[in-house]
Amino acid sequence: TMLHSTLALSLLLIAVTSNLAMAIKKEKRAPQTLSRGWGDEIIWVQTYEEGLYQAKKSNKPLMVIHHLEDCQYCQALKKAFAENEEIQEMAQNNFVMLNLMHETTDKNLSPDGQYVPRIMFVDPSLTVRADITGRYSNRLYTYEPQDIPLLIENMKKALRLIQTEL
């Protein structure tokens, strides 16, 4: 029975440690809830204020995505955004990333209205780049799935502007 209780104990230990390992792994994955489907490998900041702080600190532009869960245009853009490797790679490495389902108090982030989806860039000097626009004159900062190449160009433009202006 000595063997039996040792076996039982070691099985118990294995069960506890694997649960612990799963809990630790879960803990590490926790920030992913902030991705809300826009890209699980991206590190997302939680608030606009945190985004501004990180942009200034890291000298990277902040990309702010305004969206809503029940907006079909947002869902379509999110899918295209999440599936595009170039966007995901740039978002992971070159930008501070924020996606918001509520409006910020900063009116500079809604220069032409509070519509969704809306993507704006803020450079590390904390200037909102109202000059980086999409293709629609009535909603300057909206993008549709077919506009992904333009969004990629605009991300590159946001990166170029830091190099040339700061």
Side-chain angles (χ1 to χ4, degrees), residues 26 28-166:
K26 263 205 193 82
K28 240 177 118 173
R29 298 278 301 167
Q32 303 316 333
T33 54
L34 290 175
S35 86
R36 301 187 181 96
W38 291 89
D40 285 344
E41 302 306 313
I42 297 167
I43 294 171
W44 297 90
V45 294
Q46 201 154 1
T47 63
Y48 182 52
E49 293 66 32
E50 186 192 343
L52 293 175
Y53 172 77
Q54 292 294 348
K56 202 175 176 66
K57 198 176 91 167
S58 64
N59 199 35
K60 291 177 179 178
L62 168 64
M63 182 174 182
V64 184
I65 305 170
H66 282 95
H67 64 108
L68 289 170
E69 209 47 67
D70 54 2
C71 149
Q72 68 187 56
Y73 302 103
C74 300
Q75 294 292 358
L77 180 63
K78 179 195 292 190
K79 190 177 181 322
F81 187 99
E83 286 172 1
N84 186 285
E85 280 179 32
E86 193 174 357
I87 284 187
Q88 291 292 309
E89 201 258 335
M90 275 196 288
Q92 286 168 42
N93 299 314
N94 308 111
F95 287 84
V96 175
M97 296 295 296
L98 172 66
N99 72 77
L100 285 178
M101 297 207 292
H102 57 83
E103 286 297 333
T104 66
T105 49
D106 186 348
K107 294 288 168 275
N108 296 314
L109 283 186
S110 50
D112 65 342
Q114 298 190 332
Y115 50 86
V116 289
R118 189 168 88 248
I119 299 179
M120 298 204 71
F121 298 93
V122 184
D123 68 31
S125 70
L126 307 189
T127 308
V128 176
R129 302 300 320 211
D131 53 342
I132 303 181
T133 57
R135 73 167 85 240
Y136 306 99
S137 54
N138 59 333
R139 293 184 164 197
L140 291 175
Y141 308 99
T142 203
Y143 297 84
E144 293 185 348
Q146 66 268 26
D147 303 326
I148 286 291
L150 177 61
L151 181 56
I152 290 172
E153 273 316 298
N154 280 348
M155 288 172 83
K156 289 179 177 168
K157 186 175 177 181
L159 292 169
R160 267 199 314 275
L161 288 171
I162 307 175
Q163 263 76 60
T164 56
E165 293 183 10
L166 294 188

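Keep in mind it's a predicted model, so treat the numbers as computed, not measured.
The neighbour count for Q146 CD, taken as heavy atoms of other residues, nucleotides or ligands under 6.0 Å away, is above 12. The number of heavy-atom neighbours closer than 6.0 Å to OH of Y115, taken from other residues, nucleotides and ligands shown, is above 12. In the displayed structure, L159 atom CG is contacted under 6.0 Å by more than 12 heavy atoms of other residues, nucleotides or ligands.
Salt-bridge annotation for R139 and E144: absent, with no side-chain N of the basic residue lying under 4.0 Å from a carboxylate O of the acidic one. Salt bridge status for E69 with K78: present, with a side-chain N to carboxylate O gap under 4.0 Å.
Rounded to the nearest 0.5 angstrom, K107 NZ and Q114 CD are separated by 6.0 Å. How far OG1 of T142 is from CD1 of I119: 8.0 Å, rounded to the nearest 0.5 Å. With rounding to the nearest 0.5 angstrom, the CD atom of Q88 is 8.5 Å from the CG atom of D40. Atom CG of L140 is separated from atom CZ of R135 by 13.5 Å, given to the nearest 0.5 angstrom. Atom CG of D123 sits about 10.0 Å away from atom NZ of K56, to the nearest 0.5 Å. Distance check: Q54 CD to E50 CD gives 6.0 Å after rounding to the nearest 0.5 Å.
When every heavy atom of A80 is checked against every heavy atom of I148, the shortest pair comes out as CB-CG1, 3.8 Å. Residue G51 comes nearest to V96 through the heavy atom pair O-CG1, 3.8 Å, listed as atom of the first residue, atom of the second, then distance. Taking every heavy atom of both residues into account, N99 and S35 meet most closely at ND2-O, 3.4 Å. Closest non-hydrogen pair, D131 versus K157, comes out as O-NZ, 3.7 Å. Among all heavy-atom pairs drawn from L100 and Q46, the shortest one is CD2-O, 4.4 Å. Between N108 and D106, the closest heavy-atom pair is N-OD1, 2.8 Å.
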Run the side chain to side chain contact (heavy atoms under 4.5 Å, CB included) test on Y141 and T133 for me, step by step, so that the C-alpha distance in whole Å, both residues' side-chain angles and the decisive distance to 0.1 Å come before the verdict. CA-CA 5 Å; Y141 308 99; T133 57; 3.5 Å; yes
What's the verdict on side chain to side chain contact (heavy atoms under 4.5 Å, CB included) for W44 and M97, showing C-alpha distance, side-chain angles and the deciding distance? CA-CA 5 Å; W44 297 90; M97 296 295 296; 3.6 Å; yes
Take R129 and N154 through the test side chain to side chain contact (heavy atoms under 4.5 Å, CB included) and record every step on the way to the result. CA-CA 11 Å; R129 302 300 320 211; N154 280 348; over 6 Å; no
Criterion side chain to side chain contact (heavy atoms under 4.5 Å, CB included) on I152 and K156, from CA distance to verdict: CA-CA 6 Å; I152 290 172; K156 289 179 177 168; 3.9 Å; yes
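Annotation: side chain of I132 is not in contact with side chain of M63 (no heavy-atom distance under 4.5 Å). Proximity of L109 to Y48: side-chain heavy atoms (C-beta onward) are separated by under 4.5 Å at one or more points. Here the side chains of V116 and M101 are not in contact, with every heavy-atom distance at 4.5 Å or above. Between R118 and S110 there is a side-chain heavy-atom pair separated by less than 4.5 Å. With a 4.5 Å cut-off on side-chain heavy atoms, L151 and I87 count as touching.
Partners of F81 under the ring-ring contact (aromatic ring centres under 6.0 Å, His included) rule, at least two apart in sequence or in another chain, are W38.
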